[in-house]
Peer 1: 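The structure follows.
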Amino acid sequence: MQVAIWEVLGKRTEEDQFAVVGGLKAPDAEMALLLARETHFRHKEGVAYAVRRRGEPEVHAGTWPAEVLGGVTDRSYRRQEGYVGVGATMKRVHRQLAAKGLVIDRPRPPAGRTRSAEAERADA
Amino acid sequence: MPDEYRQAALKFIEMHANSEVMGALPEGTWIPRAPTLKRKLSLTAKVQDEVGHGQILYRVAEDLGKTREQMFDDLVNGRTKFHNVFHYPAETWGDVAYIGFLIDGAALVNQKALLDASYMPYVRAMRRICPEESLHLRHGEQLMLELVSGTAEQRDMFQDAVDRWWQPTMHFFGPPSKQKDMLIHWGIKTRTNESLRQEFFSTYVPKLWDLGVTVPDPRLAWNEEIGEWDWSEPDWDEFWRVVRGNGPMTSIRLAQRKTVWDTHAWVREVFAGMPEASAA
Amino acid sequence: MPEADPRIALLLALADDEMIIGHRHSQWTGWAPHIEEDLAFSSIAQDEMAHARLLYGLAGPLLGRDEDALALGREPEEYRNAVLCERPNGDWGYSLARQYLYDTADAVRLEALASSSWSELADRVRVIQLEEKYHLDHARVWFARMAEGPSLTARERLAAGLGASIAEAMAVFEPLPGEPALIADGVLPRANESLLSEWLAAVGEALEAASLDFVLERHAGIGEMVPTGSGEISEAVTLAPPGVSHREGRWVHEGGFTGAGGRSGRHSEDFAPLWEEMTGLYRAHPGATW
């Protein structure tokens with residue numbers, strides 16, 4: 001029993017051509033389009049979308065306009081804009097805890113250096 | 001494509017896909033219990049993304065010659081593996097914060113390395129997955145910061161999660177690499193387990209210490225002389241027991257998945273556009 | 001809670017319906033029987049909870065409580081959702097049937113409220129409608145494939161799901177406490193009975209077209225023979241559970257509701273465990289931020 005594979009096409013901006021952005025499995029174009037809206041465009045990855053059954057030339061365009069792709073109500077919780085300032089929060093909490101004498105002050109690698117010496121050697 | 005390469009890549013990517021869908025489950029149990037409306041939404045979206053990553057990766061694996069239906073059937077029947085960390089329960093909201101910050105942090109260390117892999121469809125999949133994981137990491141960091149700067153109970157909640165999850169996290173990077181690791185030979189993996197684990201320590205241990213959170217490994221220390229972290233090897237027998245299917249939640253989770261799989265063959269019929277050849 | 005303002009009853013009915021059904025839908029995330037559908041249904045779940053959030057935002061100033069206190073901080077009898085929304089997910093057939101019935105009902109209700117005299121509500125309703133359109137599309141596409149596709153089992157599961165949910169779905173339109181005042185003010189532009197009539201006729205027609213109208217006829221519950229005006233039993237009238245009958249080619253509601261009481265805070269046996277799970281962590285740490 002095989003479910004048909006559909007290529008999902010998207011345009012980042014109005015000026016772009018449709019490009020393949022992924023694939024999904026569905027019985028027909030209508031279901032493929034229904035699903036593609038959420039599988040590949042729920043983070044507002046494009047302004048237009050379409051599907052094409054693998055092996056066939058016909059492109060089926062999606063009908064939902066750019067403004068509703070990714071939702072209309074507040075979706076900041078699933079976008080970068082919802083997490084601006086996390087670094088600053090980390091610093092602030094660290095200062096507060098340091099003032100209470102709670103931080104653990106032990107040797108650590110120099111700031112900015114996260115790759116180990118072994119990694120540097122191995123990748124050289 | 002040499003068949004040995006195809007088989008190695010398929011197995012690796014299939015396990016990665018399995019891990020994403022099994023990874024949805026520990027945090028998923030907290031969607032109904034999230035402590036605020038905003039976190040209920042953000043956790044649902046995060047778990048949705050894990051499922052989405054599974055969808056992307058199964059698609060890549062399918063093109064290497066195994067159907068998604070076969071992969072799912074193998075997963076729910078215990079014939080294929082998924083990462084050790086997803087065999088454990090998420091006992092408290094502290095676990096949700098730990099998973100979101102440190103397990104996702106560990107996964108991101110691994111996944112950035114995969115951006116240099118030799119198999120281009122996998123690389124393209126990782127290019128879509130990594131930015132989403134970065135968002136999840138910031139979400140996890142926010143959850144963690146709320147706990148460590150919150151009430152005494154909340155601080156304890158997070159510390160308790162660290163104490164329980166540290167060993168599985170050490171296991172996550174895998175045992176000391178084999179002399180000739182075929183995955184590195186083929187370029188499917190690009191860095192050793194030890195190298196990735198060291199990067200994880202350097203990225204996350206100073207942050208935990210800066211927040212007054214201890215790590216339950218008395219040997220863990222930065223060794224300036226050799227430019228590496230000293231640490232205690234975890235119990236590798238436990239690791240092998242878990243990935244072979246004997247983790248605390250393995251049977252329960254797979255049984256639940258199998259029940260849904262077995263009772264919803266009719267949904268697969270709908271998608272195939274035809275009745276199943278054999279009776280459900 | 002201030003009961004005096006009948007707008008509160010309306011607002012909480014809408015918001016709690018969305019919150020509770022969103023909660024239920026969200027429990028399919030990671031578990032749905034087709035991975036792409038898992039993603040689509042999770043978006044629907046998030047939409048519902050986002051709608052609840054929008055409506056709690058309007059209720060908040062009226063009640064002096066923030067969105068979390070409203071979503072997670074009330075006692076069980078203060079929630080005004082329809083009983084339909086609190087039922088467990090069951091199998092995909094039930095969940096899909098419920099999504100179909102709930103979202104078609106919601107569409108009728110929202111269409112009326114889009115012209116509410118309470119403009120802040122009407123504004124929010126119009127935003128919500130933009131997202132609900134997708135829910136209708138989803139319901140329609142799935143209904144067609146399950147009802148009229150090649151899988152007999154799919155049809156059976158849909159029928160079972162509809163049979164189990166359709167009576168309680170009608171109670172989405174259970175009259176609100178203080179409804180006459182809301183209608184008089186134009187806050188509720190049409191009475192619930194009128195909305196129900198419109199919805200039931202449309203759903204009845206859709207079921208008939210798919211030969212699934214037996215779910216209305218053969219519903220669990222004992223029907224009473226409904227006499228025609230002459231006192232004789234007319235052949236045109238079909239046996240149906242209390243509150244529903246088939247008259248002159250249309251399904252109509254009469255009498256009471258199955259699963260009544262939600263709008264007054266009376267819930268089924270499924271609400272208490274839902275409430276414990278949903279609100280437990282919030283209530284265990286009063287004042288904590290997360």
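Predicted, not measured: the structure shown is a model, and the values here were computed from it. So you know, we letter chains A, B, ... as the sequences are listed, proteins then strands, and number each from 1.
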Peer 1: Between B/R155, B/K46, B/R39, who has the most heavy-atom pairs with chain A when the cutoff is under 4.5 Å?
Peer 2: B/R155
Peer 1: Given a strict heavy-atom distance threshold of 4.5 Å, which part of A/I104 is in contact with chain B: side chain, backbone, both, or neither?
Peer 2: both
Peer 1: Are any non-hydrogen side-chain atoms of A/R79 and B/L135 less than 4.5 angstrom apart?
Peer 2: no
Peer 1: Please enumerate all residues that pass ring-ring contact (aromatic ring centres under 6.0 Å, His included) together with A/F41, with sequence neighbours excluded.
Peer 2: A/Y49
Peer 1: Identify all side-chain donor-acceptor contacts of residues 56-66 of chain A below 3.5 Å with residues at least two apart in sequence or on another chain.
Peer 2:
none

Peer 1: Could you tell me whether the side chain of B/S134 reaches within less than 4.5 Å of the side chain of A/Y83, counting heavy atoms only?
Peer 2: no
Peer 1: Once rounded to the nearest 0.5 Å, what's the spacing between atom CG of A/L24 and atom CZ of B/F271?
Peer 2: 9.5 Å
Peer 1: If I measure from the heavy atoms of chain A, does B/V213 come under 4.5 Å with its side chain, its backbone, both, or neither?
Peer 2: backbone
Peer 1: Return the option, out of A/D28, A/I5, A/T39, with the maximum number of heavy-atom pairs under 4.5 Å with chain B.
Peer 2: A/I5
Peer 1: Regarding A/E7 and B/R59, does a basic nitrogen lie under 4.0 Å from an acidic carboxylate oxygen?
Peer 2: no
Peer 1: Would you find a donor on one side and an acceptor on the other, under 3.5 Å apart, between the side chain of B/R128 and the backbone of A/V21?
Peer 2: yes
Peer 1: With side chains defined as the heavy atoms from C-beta onward, is the minimum distance between B/W229 and A/P109 less than 4.5 Å?
Peer 2: yes
Peer 1: Go through B/A45, B/P206, B/S149 and name the one with the most non-hydrogen pairs under 4.5 angstrom from chain A.
Peer 2: B/P206
Peer 1: Within this structure, what is the CD-CZ distance for the pair B/E224 and A/R108, rounded to the nearest 0.5 Å?
Peer 2: 12.5 Å
Peer 1: Which one wins on heavy-atom pair count under 4.5 Å against chain A: B/Q55, B/R197, B/M144?
Peer 2: B/Q55
Peer 1: Under a 4.5 Å cutoff for heavy-atom pairs, which residue among B/T214, B/D63, B/V109 has the most contacts with chain A?
Peer 2: B/D63
Peer 1: Could you check A/R92 against B/L145 for side-chain contact (heavy atoms from CB on, under 4.5 Å), going step by step and ending with a plain yes or no?
Peer 2: CA-CA 10 Å; A/R92 177 176 54 77; B/L145 288 170; over 6 Å; no
Peer 1: For A/K25, is it the side chain, the backbone, both or neither that has a heavy atom under 4.5 Å from a heavy atom of chain B?
Peer 2: both
Peer 1: Please report the interatomic distance CZ(A/R75) to CG(B/L41), rounded to the nearest 0.5 Å.
Peer 2: 7.5 Å
Peer 1: Determine which residues belonging to residues 117-127 of chain B lie within contact range of chain A, meaning some heavy atom pair is under 4.5 Å apart, and list them by number or answer 'none'.
Peer 2: none
Peer 1: Give the interface residues of residues 84-91 of chain A toward chain B, defined by a heavy-atom separation under 4.5 Å.
Peer 2: A/V84, A/G85, A/V86, A/T89, A/M90
Peer 1: So, are B/D210 and A/R95 salt-bridged, with charged N and O less than 4.0 Å apart?
Peer 2: no
Peer 1: In terms of heavy-atom pairs under 4.5 Å, which option from A/M31, A/E38, A/R42, A/Q96 contacts chain B the most?
Peer 2: A/R42
Peer 1: Tell me, out of B/K207, B/H139, B/K38, who's got the most heavy-atom pairs with chain A below 4.5 Å.
Peer 2: B/H139
Peer 1: Below 4.5 Å, heavy atoms only, C-beta onward: do A/V103 and B/L211 meet side chain to side chain?
Peer 2: no
Peer 1: Is there a side-chain contact between A/R106 and B/W209 (heavy atoms, below 4.5 Å)?
Peer 2: yes
Peer 1: Grab the two heavy atoms, one from A/Y77 and one from B/S42, that are nearest each other, plus how far apart they are.
Peer 2: CD1-CA, 3.5 Å
Peer 1: Check step by step if side-chain contact (heavy atoms from CB on, under 4.5 Å) holds for A/Q2 and B/T67.
Peer 2: CA-CA 8 Å; A/Q2 289 289 13; B/T67 68; 3.7 Å; yes
Peer 1: Quick one: what part of B/Q48 sits under 4.5 Å from any heavy atom of chain A, side chain, backbone, both or neither?
Peer 2: both
